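Computed from a prediction, not measured in an experiment: that's the story for all the values here.
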Amino acid sequence: MESTNALKTGWMQRTRYTGVFILLLAALFCITVLNVNIGSVPIPVSHIAKIIFTGDGEPTQVAIIWKIRLPRILMAAILGGALSLAGFLLQTFFANPIAGPFELGISSGAKMVVALTMLYFLERFHVVSSWTLIFAAFIGALIAVGFILILSRRFNHMATLLVGGIMIGYLCSAVTDFIITFAEDSDIVNLHGWSQGSFSGTSWDGVAIAAILVGVASVLVFMLSKPIAAYQMGESHARSVGVNIRAFRVALIVLS
């Protein structure tokens, strides 16, 4: 009787997950079509299908779809998926459903270093490249993660680590606000625009780079699926099946 109920529960759970994924894929398809269709130059759906599958159509519409709108929606989908995967890894690490890059100060650390870098380059060279800001954001995120890893050596309780991450976020935000106080108005506008995020300058080269980086990280995460499942059942269970907890935690943080 218990085995029958367990099978029934498992089947219902798989059915529910399958239905959710189908709905999400349908929503993604609809959003993609709307994104390509709606804009300053509206393009009928029939023209969109013809341009994408055959390459034929009005030159202006072809350029708008292939050079502007498709790269934007693909980049948004790739980076949105990456953000959700990072959130999943952090939630697994802290065993807390509210953990994420924003709550743990990782995003605040990235913004702090970007603010320092942007103000320095704009003051000295009057220009700063997007690659410089990307590298600065990555360094800032690593700094915040480094503090979290240091805390993890001293505190084993996940709630304490989560509070520590929130404190790091507030400290980084305070430093950023202090920097902005003495910045020029134009630099403040640039930093605010960067922090809000935009896909307006997305190109196919950027999509390719994002796809490669996110793809490699996603494959590595899937390779850790068994240790992740064991860790979610408790640290003692993970240790009993041979998971190196310290190395596993570092892998989770670095991948996220």
Using the rule that Ile, Leu, Val, Met, Phe, Trp and Tyr join whenever any side-chain heavy atoms are under 4.5 Å apart, tell me whether [X] and [Y] fall into a single cluster.
| X | Y | value |
| --- | --- | --- |
| Met233 | Val241 | no |
| Phe138 | Ile143 | no |
| Ile106 | Leu142 | no |
| Phe121 | Ile134 | no |
| Leu70 | Leu79 | yes |

Minimum side-chain heavy-atom gap [X]-[Y] below 4.5 Å:
| X | Y | value |
| --- | --- | --- |
| Leu90 | Leu252 | no |
| Ile228 | Lys226 | no |
| Ser173 | Ser108 | yes |
| Leu89 | Phe93 | no |
| Ser129 | Thr132 | yes |
| Tyr231 | Thr92 | yes |
| Arg69 | Ile43 | yes |

Heavy-atom pair of closest approach, residues [X] and [Y]:
| X | Y | result |
| --- | --- | --- |
| Met75 | Ala210 | SD-CB, 3.6 Å |
| Ile245 | Ala238 | CD1-CB, 3.7 Å |
| Ala144 | Gly105 | CB-O, 3.5 Å |
| Ala251 | Leu224 | CB-CD1, 4.2 Å |
| Thr176 | Ala115 | CG2-CB, 4.2 Å |
| Gly140 | Val113 | CA-CG2, 3.3 Å |

To the nearest 0.5 Å, what is the distance between [atom1] ([X]) and [atom2] ([Y])?
| X | Y | atom1 | atom2 | result |
| --- | --- | --- | --- | --- |
| Arg72 | Lys67 | CZ | NZ | 14.0 Å |
| Ser225 | Leu220 | OG | CG | 12.0 Å |
| Thr32 | Asn37 | OG1 | CG | 12.0 Å |
| Leu116 | Ile179 | CG | CD1 | 3.5 Å |
| Met223 | Ser218 | CE | OG | 13.0 Å |
| Thr117 | Met112 | OG1 | CE | 9.5 Å |

Who else is in the cluster with Leu25 when I, L, V, M, F, W and Y are joined by side-chain contacts under 4.5 Å?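 Once heavy-atom contacts under 4.5 Å are chained together, Leu25 still belongs with nothing else.
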Donor-acceptor contact present, side-chain Thr181 to main-chain Asp177, <3.5 Å: yes
Residue pairs, two or more places apart or on separate chains, that pass ring-ring contact (aromatic ring centres under 6.0 Å, His included) and touch residues 204-225: none
Consider only side-chain N and O atoms of Thr18 and Thr15, and report whether a donor and an acceptor are under 3.5 Å apart.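 Result is no, nothing qualifies.
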